[in-house]
There are 2 protein chains.
Amino acid sequence: MVKRTSFEGDACPIARALEAIGDWWTLLIIREALFGLRRFGEFQSKLGMARNILSVRLRSMVDQGILETAPASDGSAYQEYVLTPKGRGLFPILVALRQWSEEFDDHPEEITTILVDRAKGRPVRKLELRAEDGRLLSQPDTMLKLRPAPRRRSA
Amino acid sequence: MVKRTSFEGDACPIARALEAIGDWWTLLIIREALFGLRRFGEFQSKLGMARNILSVRLRSMVDQGILETAPASDGSAYQEYVLTPKGRGLFPILVALRQWSEEFDDHPEEITTILVDRAKGRPVRKLELRAEDGRLLSQPDTMLKLRPAPRRRSA
DNA sequence: CCAAATGGTTTTATGATGCAACCACACATC
DNA sequence: GATGTGTGGTTGCATCATAAAACCATTTGG
């Protein structure tokens, strides 16, 4: 067994997320889905990716509850792939990736889009991490704590 | 050329970020580095990953300016890998991944850690995306806008 | 100087990915 | 209802990336 090591069952939530969406194309498919793409062919032509891989990824995301298949929408009998709440919940991850590129990419001039507030058309702020009481936190202000084990009835 | 398609040169900042840190182990290495790990052996034993892959990843991250090698720190003549500001800038991405797992994972009880505010020991809030004027934004409140092309002297 | 630990590189096997060709079904046309 | 076209995939095959283990060089410790 030399398979790509799986992070399934790992206690770290980051590893668990990567297990779900860490594949090469997955987040880009999500990006397009958030944009409104729904059909197999739309994803394929927009992303230019191999169709077999797209097929596998879509099925995997459906299995994980990130996407679900909807019977139709424009009348045709084909199916569509739409984001579930779990899928839409990936939005902050995409924003974080985008902002990191915007801030640190070596050639930021090649980035041609900006994420703006729809109401005002103005760029959004950077993602903010805050404490319960509202203080802005950066990494050194945080730490990891063991979660108290949930009560179990028996050993 | 059947190589894994590279997103390099893609105008999408998400694709660019994935090109940099979308590899299987990269973000977990960053996670450990944020935790304070510095040495090759520390990463290897903590993550349990193959040493050749670790070697390639570390070199790649150094090349990209995410890590840098420091000559020593505990006196020994070995080198260490420490995060640059660009590397520390990945923190929000890790937080976003963590929070997504916490919220949507099918077995959240297996997640044993929580990210807390160091000062109070209380869990942090969810990442917030805000408009310039401070309004909280969710995905439908946002849109992508073409960035005005930066002025070029000649065609 | 010898032994063991550290920090890797090389070798080899296998899984993942990409590309192209193929197939099945839906839908439109006659 | 036979024919043709587009959508939505699956199947082979070639190549790349990854994993595991063996190997090597340097450092540290005795």
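Just the heavy atoms: all of them, side chains too, but no hydrogens, waters or symmetry mates, feed the values below. Naming: A, B, ... by sequence-line order, numbering from 1 per chain.
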Problem - Donor on one side chain, acceptor on other, Ser55(A) and Asn52(A), under 3.5 Å - result: no

Exercise for the section: Please answer: with hydrophobic residues joined when any side-chain heavy atoms are less than 4.5 Å apart, are Ile53(A) and Tyr81(A) in the same cluster? Expected result: yes

Problem - d(CE, Met49(B); C1', dA19(D)) in whole Å - result: 10 Å

Exercise for the section: In whole angstrom, give the distance that lies between atom OH of Tyr78(A) and atom P of dG6(D). Expected result: 11 Å

Problem - Expected output: side-chain Arg147(B) to main-chain Thr112(A) donor-acceptor under 3.5 Å - result: no

Fill in the blank from the handout: In whole angstroms, the gap separating P of dA16(C) from CH2 of Trp24(B) amounts to 9 Å

Practice task
Could you tell me the separation between the CG atom of Asp23(A) and the P atom of dT18(D), rounded to a whole number of Å?
Solution key: 11 Å

Problem - Below 4.0 Å: OP1/OP2 of dG18(C) and any side-chain N or O of Trp25(A) - result: yes

Practice task
Please work out if Gln44(B) contacts a base, only the sugar-phosphate, or nothing of the nucleic acid, heavy-atom cut-off 4.0 Å.
Solution key: nothing

Problem - Pairwise side-chain contact, Arg122(A) with Val116(A), heavy-atom cut-off 4.5 Å (strictly under) - result: no

Practice task
Kindly state which residues belonging to residues 52-68 of chain B come within less than 4.0 angstrom of DNA chain C, counting heavy atoms of the residue only, listed by number.
Solution key: Asn52(B), Ser55(B), Arg59(B)

Practice task
Please work out if Tyr81(B) contacts a base, only the sugar-phosphate, or nothing of the nucleic acid, heavy-atom cut-off 4.0 Å.
Solution key: sugar-phosphate

Practice task
Find the distance Ile29(B):CD1 to dG8(C):P and express it as a whole number of Å.
Solution key: 12 Å

Handout entry: Whole-Å distance separating the CZ atom of Phe43(A) from the P atom of dG9(D)
Key = 11 Å

Exercise for the section: Taking atom types as modelled, find out whether Thr113(A) and Arg98(A) have a side-chain donor-acceptor pair closer than 3.5 angstrom. Expected result: yes

Handout entry: Electrostatic pair Glu128(A)-Arg125(B), nearest N-O below 4.0 angstrom
Key = no

Exercise for the section: Rounded off to whole Å, could you give me the CG-to-P distance for the Leu37(A) and dT7(D) pair? Expected result: 15 Å

Exercise for the section: Round to the nearest Å and state the distance from Arg51(B) atom CZ to dT6(C) atom C1'. Expected result: 8 Å

Handout entry: dG9(D) OP1/OP2 closer than 4.0 Å to side-chain N/O of Gln79(A)
Key = yes

Practice task
Report yes if at least one side-chain N or O of Arg39(B) is closer than 4.0 Å to OP1 or OP2 of dT6(C); otherwise report no.
Solution key: no

Handout entry: Side chains of Leu129(B) and Gln99(A) in contact at under 4.5 Å (non-hydrogen atoms)
Key = yes

